[in-house]
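For reference, the structure discussed in these notes is given below.
Only a predicted model underlies this, so the values are computations on that prediction, with no experimental measurement involved.
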Amino acid sequence: MIGDGALENVEAIFAVHVSHEHPTGIIGSRPGPLLAGCGFFRAVFSGRKGLAGSPHHSVDPILAASAAVISLQGIVSRESNPLDSQVVSVTSFNGGNNLDMIPETVVIGGTFRAFSNASFYNLLQRIEEVIVEQANVFRCWATVDFFEKESTIYPPTVNDDLMYEHVKKVATDLLGPPNFRVVPPMMGAEDFSFYSQVVPAAFYYIGVRNETLGSTHTGHSPYFMIDEDVLPIGAAVHATIAERIGNACALVILIIVRVVERAKAVRRWALGSGFLRSSFRFVGLGFWAPSI
């Protein structure tokens with residue numbers, strides 16, 4: 001969508017997501033990083049197949065992959081700032097199902113998360129380095145795929161400070177201050193993050209938790225149920241966010257137009273009086289500064 005120009009001339013963008021962690025109608029957000037950048041990896045360790053009873057005739061990729069899994073945990077625990085939250089998780093390990101053979105290949109995979117692009121791409125680099133070098137230690141070789149061609153790398157979702165304040169003001173105006181909460185960052189990821197890199201953006205949550213109705217499960221659960229009382233609240237808040245930001249943008253444009261018109265009028269006066277030629281020169285859109 002971005003490549004097709006969907007965000008051209010868009011001045012701000014907002015998204016709302018239901019949350020089972022907050023009571024129905026509660027709005028939650030925060031300035032700056034809200035959701036982590038997310039990537040996935042798949043690594044293939046290659047060795048030499050052999051009988052398990054004669055391991056010296058094989059090159060064992062299971063040993064190499066096991067060492068890599070342990071070493072990957074050191075990236076966050078020993079290389080990353082403890083105040084800069086990051087995650088590296090290995091979630092799959094597959095060496096086949098033959099109990100009497102050392103396999104030729106082992107495949108592992110997992111995910112990594114971070115709240116800044118710098119930390120995120122440092123994780124990506126170090127994951128590949130650790131896997132490749134640990135394979136070499138055990139006489140194997142390895143390749144790592146981060147699925148970059150499939151666009152599965154999501155950048156962090158970062159709320160623009162002004163857009164966040166706009167959401168907060170609308171929510172408190174409509175629902176009252178007790179119904180707005182500053183929420184902690186989460187290690188989940190959102191494809192809305194791609195939009196937030198292009199235009200000023202704000203992402204916020206609206207609570208749907210209602211224990212009486214059984215609306216207590218995450219949106220990714222098969223038991224998810226929404227408290228439909230949230231629908232008119234969410235519609236009103238989201239519509240008002242859009243309406244007020246539109247009015248604010250129109251006001252800014254009007255002010256700019258009037259400032260430019262006023263500056264042009266002053267410039268005509270200055271040129272006619274000779275004042276401009278003697279002391280000042282114009283810069284940009286009708287503003288001036290002393291000549292140096």
Inset, instruction - For Asn210 and Leu213, indicate whether the former's side chain and the latter's backbone hold a donor-acceptor pair under 3.5 Å. - result: yes
Inset, instruction - Decide if the gap between the ring center of Phe115 and the ring center of Phe120 is smaller than 6.0 angstrom. - result: no
Legend entry - Value rounded to 0.5 Å, distance of CZ in Arg48 from OG1 in Thr105: 14.5 Å
Inset, instruction - Flag yes if more than 12 heavy atoms outside Glu228 fall under 6.0 Å of its CD atom; otherwise flag no. - result: no
Legend entry - Spacing of CE belonging to Met186 relative to CZ belonging to Arg30, to within rounding of 0.5 Å: 12.0 Å
Legend entry - ILVMFWY network linking Ile233 to Ile26, side-chain heavy atoms under 4.5 angstrom: no
Legend entry - Side chains of His238 and Tyr204, donor plus acceptor under 3.5 Å: yes
Legend entry - Minimal non-hydrogen separation, Ala12 against Val10, with atom names: O-CG1, 3.3 Å
Legend entry - Main-chain N/O of Thr91 paired to Ser89 side chain as donor or acceptor, under 3.5 Å: no
Inset, instruction - Using only heavy-atom distances, determine whether the side chains of Ser119 and Ser116 contain a donor-acceptor pair under 3.5 Å. - result: yes
Legend entry - Ser58 side, atom OG; Met101 side, atom CE - distance, nearest 0.5 Å: 8.5 Å
Inset, instruction - Output yes when a side-chain donor or acceptor of Ser54 lies under 3.5 Å from a complementary backbone atom of Leu51, and no otherwise. - result: no
Legend entry - Contact check, side chains of Ser92 and Asn94, non-hydrogen atoms, under 4.5 Å: no
Inset, instruction - Answer whether the closest heavy-atom distance between the side chains of His17 and Glu190 falls below 4.5 Å. - result: yes
Legend entry - Cluster link Phe192 to Met1, ILVMFWY, side chain under 4.5 Å: yes
Legend entry - Polar contact flag, side-chain donor to acceptor under 3.5 angstrom, Ser80-Gln86: yes
Inset, instruction - Specify the closest pair of heavy atoms between Ile62 and Phe93, including all atoms of both residues, with the distance to one decimal. - result: O-CZ, 4.0 Å
Legend entry - ILVMFWY network linking Val170 to Ile206, side-chain heavy atoms under 4.5 angstrom: yes
Inset, instruction - Could you walk me through whether Phe146 and Arg42 pass the side-chain contact (heavy atoms from CB on, under 4.5 Å) test, one step at a time? - result: CA-CA 7 Å; Phe146 292 100; Arg42 178 180 182 270; over 6 Å; no
Legend entry - Heavy-atom side-chain contact between Leu34 and Val158 under 4.5 Å: no
Inset, instruction - Evaluate the ring planes of His166 and Phe14, with Trp represented by its six-membered ring, and classify them as parallel (under 30°), tilted (30 to 60°) or perpendicular (over 60°). - result: tilted
Inset, instruction - Check whether any side-chain heavy atom of Phe112 sits under 4.5 Å from a side-chain heavy atom of Val87, and report yes or no. - result: no
Legend entry - Distance, nearest 0.5 Å, that separates OG1 of Thr111 from CE of Met187: 10.0 Å
Inset, instruction - Could you give me the CA-CA distance, side-chain angles and deciding distance for Arg139 and Asp60, then say whether side-chain contact (heavy atoms from CB on, under 4.5 Å) is met? - result: CA-CA 8 Å; Arg139 299 180 298 145; Asp60 191 351; over 6 Å; no
Inset, instruction - Answer yes or no: does atom OH of Tyr195 have more than 12 heavy-atom neighbours from other residues, nucleotides or ligands under 6.0 Å? - result: no
Inset, instruction - Run the salt-bridge test on Glu211 and Arg209 with the 4.0 Å N-O cut-off and return the result as yes or no. - result: yes
Legend entry - Pair Ser29-Asn159, side-chain donor/acceptor within less than 3.5 Å: yes
Legend entry - Pair Asp229-Thr24, side-chain donor/acceptor within less than 3.5 Å: no
Legend entry - Asn179 side chain vs Leu175 backbone, donor-acceptor pair below 3.5 Å: yes
Legend entry - Minimal non-hydrogen separation, Ala189 against Ala36, with atom names: CB-O, 3.4 Å
Inset, instruction - Please report the shortest heavy-atom distance between Gln134 and Ala67, naming the atom on each side. - result: OE1-CB, 3.6 Å
Legend entry - Side chain proximity check, Leu123 to Ile75, heavy atoms < 4.5 angstrom: yes
Inset, instruction - Please examine the side chains of Leu35 and Pro185, heavy atoms only from C-beta on, and report whether any two atoms are closer than 4.5 Å. - result: no
Inset, instruction - Look at the side-chain heavy atoms of Ile, Leu, Val, Met, Phe, Trp and Tyr, link any pair under 4.5 Å apart, and say whether Ile226 and Val237 land in one connected group. - result: yes
Legend entry - Side-chain (Ser221) to main-chain (Tyr223) donor-acceptor, under 3.5 angstrom: yes
Legend entry - Electrostatic pair Arg244:Asp173 at N-O distance under 4.0 angstrom: yes
Legend entry - Nearest heavy-atom neighbours spanning Cys140 and Val59: SG-CG1, 3.6 Å
Legend entry - Between Phe147 and Phe40, ring centroids under 6.0 Å: no
Legend entry - Approximate separation, where rounding is to 0.5 Å, of Arg126 CZ and Ile131 CD1: 11.0 Å
Legend entry - Heavy-atom closest contact (Phe224 atom, Thr218 atom, distance): CB-O, 3.4 Å
Legend entry - Side chain proximity check, Val90 to Phe41, heavy atoms < 4.5 angstrom: yes
Inset, instruction - Treating Ile, Leu, Val, Met, Phe, Trp and Tyr as nodes and any side-chain heavy-atom pair under 4.5 angstrom as an edge, say whether Tyr164 and Val199 lie in one connected cluster. - result: no
Legend entry - Point-to-point distance, once rounded to the nearest 0.5 Å, from CD of Gln197 to OG1 of Thr157: 9.0 Å
Inset, instruction - Check the surroundings of atom CG in Asn97: do more than 12 heavy atoms from other residues, nucleotides or ligands lie under 6.0 Å from it? - result: no
Inset, instruction - Could you tell me whether the side chain of Ser71 and the main chain of Ala68 form a donor-acceptor pair under 3.5 Å? - result: no
Legend entry - Sub-4.5 Å side-chain heavy-atom contact between Tyr121 and Ile153: yes
Legend entry - Test of ring centre spacing under 6.0 Å for Tyr154 and Phe194: yes
